[in-house]
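Step one of this worksheet: look at the structure below.
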Amino acid sequence: MATLADYEAAAGKDAVHEIAAIAARLKGLRVVNVNSTAVGGGVAEILIRMVPLLQELGVDARWEVIKGDAAFYETTKAMHNALHGVEVPFTDRMREAFLDTTGRNAALVNLDADVVVIHDPQPAGLVNGRAAKGGRWIWRCHIDLSRPSAPFWDFLRPFVERHDAAVFSAPQFTQALSVPQYMIPPSIDPLSEKNRELPDEEVRATLERFHIDPERPIVTQISRFDRLKDPLGVIEAFLRVRKRFHCQLVLAGGSATDDPEGSQVLEEVKARAGADPDIHVLALPSDANREINALQRGSTILVQKSLREGFGLTVTEAMWKGKPVVAGAVGGIPLQVRHRMTGLLVHSVDGAARALSQLLANPTVGQKMGAQGREHVRNNFLLTRHVKDYLLLFHAVMHGTSGVVQL
Amino acid sequence: MADPFQFCSSAKLVELTGRRARTVPELAEGIRALDDAVLFHHTHHFLLQHQYWLPEPTSDFAWWVAEILQERALGEDLASINTVEFRSIHELKERILAVIAAHAGDRTRTVEAPSGLEFHFLRTHSYVFPTDHRASTLAEFAGHLEKVSLQSIYHHVFEARLRLSRATNDFAWWFRDSLGEKELAVSVEHLDPYVFTLEDLRARILQLVKRRL
């Protein structure tokens, strides 16, 4: 397991030293993080690394995962889509599934802590038991909440407002709330299997294993098979571009344990790709981090043509690998992709096709964008920055905030 | 023996105020109503976020007005406000509002930002803490300046002057008050820190100090 000192090479010594200076004021603080899946998805990826680092810094940090049945996960998937603006009926059955599962988990999950961090909607109902538990409660929202479907948000908001603070990944995700709201973008771990440096031979071997030609340009989107990631739109854009550029498309994704829709979308994508030898649809296991790393490093351009997005960690990963990015201008993506400096922001299939063409036609421009993107990630989106933000957040909920605080 | 210079650093927690603007009048209302920590965020956060790029935009207000609302003339005037001339956030706020007011007469219709591109008012909370770098002489100062973090330079040059309402940046203050180095203090004060990247600002100040040594 990596220690804080191991991050100095990627994040810089100053970043690491400053985290230690801030954490010194929080030694012994008891913090529990709660989410709904131990594997798959960005939240689990962050907690797997962050909790041990907090522990190394002297914070008594834990991680609890709630358990649910099929009815609960169908409800929370529907909630996920609805909070992104998809119109989905909110039924009594869903309400019961959510509340019943919350009740069962309230008895199972250890929430005895100074600070309880609830990640996303799935465990939000646990706040009903806060009077008995004590502590400060933080609701950490990782999704795009800018256009939620009213019935679901009306159901969820009272739970959110029973917390002491809410955290969002981007300013446009805020809703009118009666509690203070903070902005903490998520991050990537530069030392993880998904992001560490790989030998060129391994990258090449991975491409060849998936029958991808390393000698030709490769356009890749790495995402769960989810309609909000618009994989069919990516195929459309690619087909237009391929009329002029002899390139290949890779659509690769795993699945999270709380995503029942994934297999359906995968079938739709496979049907659209058909037998096209230049389109590679790869359904990877949820722990295929090294393969994803190699696919990203072996690609010419990385795409994230999301229609809705929380933060878009695949964009951060792509930029960390020094690749130019073509991405939907949604959610937290514009926080990362500075148009024409670290990538190209697009709003449509046409826009994506044009952006891909520009980068394929001008590889040195793409290389420069990639280099700039990597530095932007180093300064703003590494795990070390994220740890620092959480430490400051703990300080804020425990002691209040006042503009300029002398630690 | 001069008082030593204690290099501090600061870390930022960004608060979402929940207030947003869709038009220039709403932008002005927000600027007027919200506190100095909000104004400081929108005129300074890019210095830390984009350390290796030229400091652009000069303020979020200027960028949003020009790029989202397409009010290029107002955007240019807001971008031209020379932050280094102001001794307090309050003075800066008044100038920004005055520039916006000056353009009100030119506006024949109120442009609204497209949905999703509204201006979001954010507030920076700064957490300041001492570092291991402490200098008693100018030579020691130079040695530490080469090594301190960019966040430390940002704190002493930008935050101390405007946010903590000190008359000048911390470096110039120490040169003048503790070391009696008036000329060096003046030369550092004459730098416009808003036109450098933080790394270039470090190099420039270091050059001035080494020239004096």
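A quick note: this is a predicted structure, and the numbers were derived from the prediction, not measured. A note on names: the letters A, B, ... follow the listed sequences, proteins ahead of strands, and every chain is numbered from 1.
- For B/Arg19, no part sits under 4.5 Å from any heavy atom of chain A, backbone or side chain.
- A salt bridge between A/Arg136 and A/Asp164 is absent, with no side-chain N of the basic residue lying under 4.0 Å from a carboxylate O of the acidic one.
- Contact of B/Thr124 with chain A is made through the backbone alone, with heavy-atom distances under 4.5 Å.
- The choice from A/Ile184, A/Asp389, A/Val167, A/Ile22 that makes the most heavy-atom pairs within less than 4.5 Å of chain B is A/Ile22.
- Contacts between B/Leu13 and chain A at a heavy-atom distance below 4.5 Å involve backbone atoms as well as side-chain atoms.
- Chain A forms more heavy-atom pairs under 4.5 Å with one residue of B/Tyr127, B/Phe121, B/Phe40 than with any other, namely B/Tyr127.
- Between B/Arg204 and B/Asp200, none of the side-chain N atoms (NZ, or NE/NH1/NH2) sits under 4.0 Å from a carboxylate O, so this pair counts as no salt bridge.
- Taking 4.0 Å as the cut-off between side-chain N and carboxylate O, B/Glu146 and B/Arg202 do not count as a salt-bridged pair.
- Annotation: A/Glu161, atom CD; neighbour count of heavy atoms from other residues, nucleotides and ligands within 6.0 Å is above 12.
- In terms of heavy-atom pairs under 4.5 Å with chain B, the best-connected choice from A/Lys388, A/Glu18, A/Gln175, A/Gln406 is A/Glu18.
- Heavy-atom neighbours of A/Arg162 CZ from other residues, nucleotides or ligands within 6.0 Å: above the threshold of 12.
- Residues B/Phe141 and B/Phe7 place their aromatic rings such that the two centres sit under 6.0 Å apart.
- Here B/Ala11 is the residue among B/Ala37, B/Cys8, B/Ser10, B/Ala11 with the most heavy-atom pairs under 4.5 Å with chain A.
- For the pair B/Glu94 and B/Arg32, the salt-bridge criterion is not met [side-chain N within less than 4.0 Å of a carboxylate O].
- Of the atoms belonging to B/His120, it is side-chain heavy atoms, and not backbone ones, that fall under 4.5 Å from chain A.
- Annotation: residues 390-397 of chain A contacts chain B through A/Leu392, A/Leu393, A/His395, A/Ala396 [non-hydrogen atoms, separation under 4.5 Å].
- Contacts with chain B were tallied for A/Arg147, A/Lys13, A/His17, A/Gln172; A/Gln172 has the most, counting heavy-atom pairs under 4.5 Å.
- No donor-acceptor distance shorter than 3.5 angstrom exists from the side chain of A/Arg338 to the backbone of A/Gln372, with no hydrogens or angles considered.
- The residues A/Glu309 and A/Lys229 are annotated as salt-bridged, a charged nitrogen and a carboxylate oxygen being separated by less than 4.0 angstrom.
- Residues B/Asp3 and B/Asp177 are not in side-chain contact: their nearest non-hydrogen atoms beyond the backbone lie 4.5 Å or more apart.
- Open room surrounds NE2 on B/His90; 12 or fewer heavy atoms of other groups in view lie less than 6.0 Å from it.
- Interface remark: A/Thr174 contributes backbone and side-chain atoms alike to the contact with chain B (heavy atom separation under 4.5 Å).
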